[in-house]
Amino acid sequence: MAPSFIHGDLRPVPLEPADGECCHVEPVPAYLTRNLHLLSYGTRLRQVLRQGWDLVHCWEEPFNVSAAQVAWWTPAGTPLVFYTFQNIDKRYPPPFSAFERYCVRRASGWLAAGTSVARTLVPRGYDRRPYQVVPLGVDTDYFGPNASAGRSVREMLGWTADGAPVVGYLGRFVPEKGIDLLTGALDKLHAGWRALFVGSGPMREHLERWAARHGDRVRIVTGVRHAEVPAYLCAMDLLTAPSQTTPAWREQLGRMLIEAFASGVPVLASDSGEIPFVVADAGRVVGERDEAGWVSALEDLLASPRARAEMARQGLERAHSVYAWPVIARQHLEFFEQRLAA
C-alpha cells in the first residue's frame, strides 16, 4: 500500500507506478499530507490490513498518526515490523508520545535505516523489541559507470571534455544540505574547477546569484527526472555532500552517496548523522563545520585523478557488496523470517 497522493517537500507527489513493478501497489487515500506527523488514512487501510497477511511491514515513523493506525488495524496475530529513520533523540508531546509507546509495544520487531538510528532509539526503550540495521539500497543495474552518458551531459551543458574537473552536488537546495559551505569552499580554491548543481529548492535564487559571479564554471540544473539522474552523476568527477546538522535534522542516509558509489563517482562528504557509516572507507569524510578542511580536501582531490579513481573503485565495490538491492532484500527477508518463526 502507498498514499495515492502527498504534498512533497518540493512539489505535489501523486502515486506513480513504475514500469515493470514486480508487486501490486494498492493506492490508499491519505489526508493531512502536508504534515507527516498528522498524515492519516481512511478505512481502506483497515480493509487491506485485514486480508490475511503473513506479516505487515510499515514504513511510517512509530510516533505518527498513520503508524498508530497501522498498529491498531493490523490483526493481533499478524507480526508487525516498523522501519524508522529517526536519528535524533526527540521527545514528543501527547498524543505522539503515546503513539510511539503503543507502536513499540505492538511491534514484533523494527528495522533501523542506519547505525545512527539504532544508536538513537535503543536507549529510548526500542531494544525491548528485536531489531536490525538495514539501510536503503541502490539499483546497480540502473546506476553504473557510464562515461558516454557523462560526456553527453557535459556537451549538453556547453562544457568541453578537456575542462577542469567537475565538482557535483545532487539534492535539495536547502541550508541544511550545506550549499553555503560548498560554495564558500569553492570560492577559496586555487585549483581549477567546474561545479554542477542538480536539484531544486528554496535556495535556488541564492545559488544562482553565487553562480553568476563564476560565469561558465557553474551549471545549475533543475527539473531532472529520476531516469536522468545516472547520466548527471556520470558527468561529475566528484560528488559532494556537505550536509549540516540542525536541532531538528541530521543526514539519515544520503541516497546520493550510494548512487554515486554505484556510478563509479568518488565521494566527499561531511560527518553529519549517518554519512560516516555510509561512506566508511570508500570515500572521504570532513567535519561538517570545517570549511578549511573542505578546501583542503577539494584541493587534494581535484589535483589527483589517481586518488579520485581509487575512491571510485572502492565506492563501486561498496555499492555492490553493501547497498545493492539484492543484498538489502536478503537482509529484510531474513529478519521477516525470524519474526514469523518467533
Side-chain angles (χ1 to χ4, degrees), residues 138 143-155 157 159-171 177-198 210-211 214-219 230-243 251 254 256-272 275-323:
V138 62
F143 289 89
N146 190 333
S148 176
R151 283 194 299 271
S152 295
V153 168
R154 292 192 189 194
E155 290 173 2
L157 296 174
W159 276 345
T160 61
D162 58 351
V166 175
V167 177
Y169 172 93
L170 173 65
K177 286 293 188 174
I179 296 286
D180 283 340
L181 173 66
L182 178 57
T183 55
L186 290 171
D187 283 337
K188 293 178 172 61
L189 293 181
H190 298 291
W193 57 270
R194 292 178 289 184
L196 172 58
F197 292 82
V198 179
W210 172 83
H214 293 283
D216 194 52
R217 300 174 95 181
V218 181
R219 296 288 187 271
Y232 277 92
L233 275 171
C234 290
M236 302 174 186
D237 293 297
L238 179 68
L239 185 281
T240 58
S243 300
E251 192 65 69
M256 65 287 184
L257 301 172
I258 59 177
E259 291 174 347
F261 285 162
S263 303
V265 179
V267 165
L268 172 65
S270 80
D271 59 354
S272 175
I275 288 178
F277 302 107
V278 174
V279 173
D281 60 355
R284 190 173 298 188
V285 175
V286 180
E288 58 182 305
R289 311 293 182 189
D290 183 7
E291 184 177 276
W294 273 83
V295 172
S296 177
L298 284 167
E299 291 276 13
D300 290 346
L301 291 171
L302 293 178
S304 178
R306 179 176 296 182
R308 297 199 304 270
E310 176 59 19
M311 287 170 59
R313 184 194 65 78
Q314 292 175 319
L316 191 59
E317 180 180 325
R318 186 164 175 77
H320 284 264
S321 63
V322 177
Y323 292 105

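Note that the structure is a prediction, hence the values are computed from the model and not measured.
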| said: For Glu251, give me all partners under salt bridge (Lys or Arg N to Asp or Glu O under 4.0 Å), at least two apart in sequence or on another chain. | reply: Lys177

| said: My understanding is that only residues two or more places apart in sequence, or in another chain, count here; which of them pass salt bridge (Lys or Arg N to Asp or Glu O under 4.0 Å) with Asp216? | reply: Arg219

| field | Interatomic spacing from CG in Leu182 to OG1 in Thr240 - rounded to 0.5 Å | value | 4.0 Å

| remark: Applying salt bridge (Lys or Arg N to Asp or Glu O under 4.0 Å) to Asp187 and not counting sequence neighbours gives Arg213

| With sequence neighbours left out, which residue pairs that include part of residues 275-287 fulfil the salt bridge (Lys or Arg N to Asp or Glu O under 4.0 Å) condition? | Arg284-Asp300

| request: Could I get the full list of salt bridge (Lys or Arg N to Asp or Glu O under 4.0 Å) partners for Glu317, not counting sequence neighbours? | output: Arg313

| task | Any chance you could lay out the side-chain contact (heavy atoms from CB on, under 4.5 Å) test for Leu196 and Tyr169, step after step, and finish with the verdict? | result | CA-CA 6 Å; Leu196 172 58; Tyr169 172 93; over 6 Å; no

| task | If a pair satisfies salt bridge (Lys or Arg N to Asp or Glu O under 4.0 Å) and one of its residues is in residues 285-296, list it, with sequence neighbours excluded. | result | Lys188-Glu291

| task | Mind listing the closest non-hydrogen atom pair of Ala185 and Trp294 along with its distance? | result | CB-CB, 4.1 Å

| said: Give me the atom names and distance for the closest heavy-atom approach of Leu316 to Gly264. | reply: CD1-N, 4.2 Å

| said: When you compare the side chain of Leu233 with that of Phe143, does any pair of heavy atoms fall below 4.5 Å? | reply: yes

| Pairwise distance OG(Ser263) to OH(Tyr232) - rounded to 0.5 angstrom | 14.5 Å

| note | Hits for side-chain contact (heavy atoms from CB on, under 4.5 Å) against Ala191, two or more places apart or cross-chain, chain-then-number order -> Glu299, Leu302

| task | State the CG-CZ distance between Leu186 and Arg217, to the nearest 0.5 angstrom. | result | 8.5 Å

| message | Going by the rule side-chain contact (heavy atoms from CB on, under 4.5 Å), which residues pair with Ala280 if we only count those two or more places apart in sequence or in a different chain? | response | Arg318

| All side-chain contact (heavy atoms from CB on, under 4.5 Å) counterparts of Ala309, not counting sequence neighbours | none

| message | Once side-chain contact (heavy atoms from CB on, under 4.5 Å) is applied, do any residues pair with Ala241, and if so which ones, sequence neighbours excluded? | response | Met256, Leu257, Ala269

| query | What residue pairs, at least two apart or across chains, pass side chain to side chain donor-acceptor pair (under 3.5 Å) with a residue in residues 145-155? | reply | Arg154-Asp237

| task | Only counting residues at least two apart or in another chain, list the ones meeting ring pair (Phe, Tyr, Trp, His ring centres under 6.0 Å) with His214. | result | Trp193, Trp210

| message | Looking at Thr183 and Ile179, would you say the former's side chain and the latter's main chain have a donor-acceptor pair under 3.5 Å? | response | yes

